Amino acid sequence: MTCPPSGGGADGFVGYTDPAAAVAEVEEGVYQVNTSWIDAAGDGQELRHAVIPEVKVTRDMTVTLDARDTVPVEIRTPRPAEQRGILSYQTYRERSGAGG
C-alpha cells in the first residue's frame with residue numbers, strides 16, 4: 001500500500017498490521033493499493049499484479065482486490081523482446097500537493 005504524501009511508513013509504504021488477514025491500519029488519506037501473485041502458465045509462470053490506483057480513506061473501511069475484476073495489459077515493442085534478468089514492474093499515480 002502506498003502512503004499519502006504526509007504520512008505512513010518508511011519510504012512511503014505501509015505494511016500489513018495483520019499479514020494473515022491482509023489488514024493494514026492507516027490514517028485518513030489517499031492511497032494506492034496493490035498486490036502480486038504468481039500463476040502457472042503454459043510456458044512457465046506469469047506474474048500477476050492488481051492495482052487500485054486511488055483509494056480515499058475517510059473512515060473505517062474494507063478494500064478488496066479481486067482478480068476477477070482485472071483486465072489484461074499487453075505491452076508491445078517495435079521489435080521482439082525477451083525478459084532477461086531481474087523481473088520488475090512500475091506503477092504510477094499522479095498526486096497533487098505536497099511535492100507530488
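On a predicted model such as this, the values are computed, not experimentally measured, just so you know.
- Under the rule for a salt bridge (charged side-chain N to carboxylate O under 4.0 Å, His left out), the partners of Arg68 that lie at least two apart in sequence or sit in another chain are Asp66.
- Thr17 places a side-chain N or O within 3.5 Å of a backbone atom of Val23 that can act as its donor or acceptor partner.
- One hydrophobic cluster, built from ILVMFWY side chains closer than 4.5 Å, holds both Leu65 and Val26.
- Thr70 places none of its side-chain heavy atoms less than 4.5 Å from the side chain of Arg48.
- Glu28 contributes atom CD, which lies 13.0 Å from atom NZ of Lys56 (distance to the nearest 0.5 angstrom).
- Residues Val57 and Val33 fall within the same hydrophobic cluster, defined by Ile, Leu, Val, Met, Phe, Trp and Tyr side chains chained together at heavy-atom separations under 4.5 Å.
- At least one donor-acceptor pair under 3.5 Å links the side chain of His49 to the backbone N or O of Thr35.
- One finds the OH atom of Tyr31 at 12.5 Å from the CD atom of Glu54 (value rounded to the nearest 0.5 Å).
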